[in-house]
There are 2 protein chains.
Amino acid sequence: MKKPNARQPKTGGPTQKGQCAKRVSILDAAADVFCREGFAGASIDEIAMEACVSRQTVYNHYREKETLFMAVVQDIMDRANAALFSILATFPDNGENLEDDLTAFAVRLNKNCVCNHDGKFIRKLVQTEGERYPHLFEIWRQQGPGKIGTALSALFARLSHVARLDIDDFDLAAKQFLALVNADLPASGFFGGAPTDEELEKAARAAVRTFLRAYGGKPATGAGQELREEPV
Amino acid sequence: MKKPNARQPKTGGPTQKGQCAKRVSILDAAADVFCREGFAGASIDEIAMEACVSRQTVYNHYREKETLFMAVVQDIMDRANAALFSILATFPDNGENLEDDLTAFAVRLNKNCVCNHDGKFIRKLVQTEGERYPHLFEIWRQQGPGKIGTALSALFARLSHVARLDIDDFDLAAKQFLALVNADLPASGFFGGAPTDEELEKAARAAVRTFLRAYGGKPATGAGQELREEPV
DNA sequence: GTAAAATTAGACACCATTGTCTAATTCGTC
DNA sequence: GACGAATTAGACAATGGTGTCTAATTTTAC
């Protein structure tokens, strides 16, 4: 009955979809609730309540539950990507202090991309809903581990020129580095609270040490590998 | 009105709760559906249909949805534990062929515990429902990674006597070994189909090589580390 | 202040799900 | 075949969710 290009009703939803307070408030609340309850378990009413907003406002901004869900995912992805590039941009160019540089890098990566709220959220969501939305799984694989992997791979390729690194397969080394960095974290990045700074630092140091024992052509300080222990 | 110790009704549910065909059929179907849809998204009707059983039969065997859910979790845990011990029992006692032994071990571990249906199921479930049922999370952590970790740690302690292994922290080495073994698997053990035998073998070999480059006191065949490449 | 836009509370139809109940039917065993 | 146990289909009330609608109210811009 109603023509698709009918005149907008005098009263109703917002006209410009830019960032306003209500909009981000809804997005944040939705992220929380979706993460806690999953897609099926999350109720719009709960999201609205947590956002201190009426249900109708939620529907005004996001046409239906699935629209809201996808908006949440996109938002998280964008944030995580920004964080990743910001970290990569600050890696020192020279190959001196490789162990310390890698450790600091690993700490920042975990702290701002992998173990933080966004990282845990997106992984949980992909595992929960990835089968229902293959699109979601694919996006995550490309923009998440894929992007980190290739960036890290390129980093190692660059480093292997300045520092002495004995790597024959950069992609593999990148994956192994990431795996090692997360090996010693409590609950392996699952929920249960973010790891403390000490835990992050300790895990990163252990990972980098093993990584360099495997791939580092020459030990940084000389002979053995049990020499540098002090700076904790 | 009804006394708790009232006489059983003449007709109704099953009397002995042992393993009968219907019972395991329900359990299997429930595992499938819970894994696919999560706790909230799974419907008893769907489970009953997939088990080729009437809804009432489901309720006869498992009083309510949560009872069924917990039974499923317990069942999976038991199976995974049995598989783990069966694998550990067959590790060779002598330290010869350490690289091959570790590789074979890693393949079997991934194939029968980590990457198989049960492993993926339980991890997904823990991540989805662990916050709602902390009890579930705790059980998994102790019986899953915890058990594998301590077993592996003990294995390395034993091996470091017969073979030449330069490990100072067995727990850490165990965690790193597990992480490395899963580093190169497509989708990191997420869903999307189990990895093929070739992928498992390749990932295990790469992991063990890196692990031994870091922790192996002496290379098995002599000088460099890029000598043995043939047997794929 | 006023008019338009945004928001709100609440009612509403609709649908799916849980868990119960009953009467009929099948299965297994003697 | 007969008996009791197990199973089935279907109806059922209760609950809680989605998405729409409306009329009133608040916020924002001019």
Side-chain angles (χ1 to χ4, degrees), chain A residues 1-4 6-30 33-34 36-72 129 132, chain B residues 1-2 4 6-30 32-34 36-72 129 132:
Chain A
M1 249 343 152
K2 179 176 52 172
K3 292 193 200 137
R7 174 178 50 84
Q8 310 271 1
K10 273 208 299 278
T11 173
T15 51
Q16 45 101 16
K17 304 279 170 162
Q19 299 303 48
C20 67
K22 299 267 176 192
R23 208 176 162 78
V24 317
S25 163
I26 293 172
L27 223 48
D28 284 354
V33 178
F34 277 134
R36 211 170 45 229
E37 318 277 351
F39 182 80
S43 94
I44 302 283
D45 285 306
E46 195 175 351
I47 293 171
M49 231 175 56
E50 194 161 317
C52 298
V53 140
S54 79
R55 175 175 58 242
Q56 188 55 49
T57 301
V58 177
Y59 281 109
N60 283 341
H61 283 272
Y62 304 94
R63 193 165 40 82
E64 55 187 1
K65 199 180 181 183
E66 198 166 316
T67 313
L68 175 57
F69 178 72
M70 287 306 180
V72 166
E129 314 292 345
R132 191 189 315 275
Chain B
M1 238 357 144
K2 179 175 55 174
R7 173 176 52 82
Q8 310 272 1
K10 273 209 297 279
T11 173
T15 50
Q16 43 104 16
K17 304 279 171 163
Q19 298 304 46
C20 67
K22 300 269 177 192
R23 209 176 162 79
V24 317
S25 162
I26 293 172
L27 222 49
D28 284 354
D32 256 28
V33 178
F34 276 133
R36 212 170 44 229
E37 318 278 350
F39 181 81
S43 93
I44 301 284
D45 285 307
E46 197 176 349
I47 293 172
M49 231 174 56
E50 195 161 318
C52 299
V53 141
S54 79
R55 173 173 61 243
Q56 188 55 50
T57 301
V58 177
Y59 281 109
N60 282 343
H61 282 273
Y62 304 95
R63 194 164 40 81
E64 56 186 0
K65 199 179 179 182
E66 198 166 316
T67 313
L68 175 57
F69 178 73
M70 287 306 182
V72 166
E129 314 293 346
R132 191 190 315 275

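Just so it is clear, the values below take in all heavy atoms, side chains as well, and ignore hydrogens, waters and symmetry mates. Every chain is numbered from 1 and lettered A, B, ... according to where its sequence line falls, protein lines coming before strand lines. Keep in mind that what you see is a predicted model, and the values were worked out from it rather than measured.
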Please evaluate residues B/Arg36 and B/Val33 with respect to the criterion side-chain contact (heavy atoms from CB on, under 4.5 Å), reporting the C-alpha separation (whole Å), side-chain torsions for both, the decisive distance (0.1 Å), and the verdict. CA-CA 5 Å; B/Arg36 212 170 44 229; B/Val33 178; 3.8 Å; yes
For B/Asn60 and D/dT8, what is the distance between atoms CG and P respectively, to the nearest whole Å? 9 Å
Do side-chain atoms of A/Thr67 reach the backbone of A/Tyr62 as a donor and acceptor pair under 3.5 angstrom? no
Separation between CD1 of A/Ile26 and OH of A/Tyr59, rounded to the nearest 0.5 Å: 11.5 Å
B/Asp28: which residues meet the salt bridge (Lys or Arg N to Asp or Glu O under 4.0 Å) condition with it, sequence neighbours left out? none
Smallest heavy-atom separation, A/Ser25 atom then A/Ala51 atom, equals OG-O, 3.0 Å
What residues from residues 63-70 of chain B pass a heavy-atom cutoff of under 4.0 Å to DNA chain C? B/Glu64, B/Lys65
Atom pair distance, as rounded to whole Å: CD1 in A/Ile26 and C1' in C/dT7: 10 Å
Salt bridge (Lys or Arg N to Asp or Glu O under 4.0 Å) filter on A/Glu64, not counting sequence neighbours, yields none
Rounded to the nearest 0.5 Å, what separation is found between the CZ atom of B/Phe69 and the CD1 atom of B/Ile47? 10.5 Å
OP1 or OP2 of D/dA6 versus the side-chain N and O atoms of B/His61: is any pair under 4.0 Å? no
If I take atom CZ in residue B/Arg23 and atom P in nucleotide D/dA6, what distance separates them, rounded to the nearest angstrom? 12 Å
Spacing of B/Glu37 atom CD and A/Phe39 atom CZ [to the nearest 0.5 Å]: 12.0 Å
Taking five pairs at each terminus, the helix from C/dG1-D/dC30 to C/dC30-D/dG1 shows an axis bend, to 10°, of 30°
Is A/Lys22 near enough to C/dT8 that one of its side-chain N or O atoms lies under 4.0 angstrom from OP1 or OP2? yes
Could you check which residues of residues 38-51 of chain B get a heavy atom under 4.0 Å from DNA chain D? Sort them by number, please. none
Give me, pair by pair, the N or O atoms of the protein and of nucleotides 9-14 of chain D that are less than 3.5 Å apart, along with how far apart they are.
residue : atom : partner : partner atom : Å
D/dA11  : N6   : B/Arg55 : NH2          : 3.0

To the nearest 0.5 angstrom, please state how far the CG atom of B/Asn60 sits from the CZ atom of B/Arg23. 11.0 Å
Contact summary for A/His61 and A/Cys20, nearest pair of heavy atoms: CE1-SG, 4.0 Å
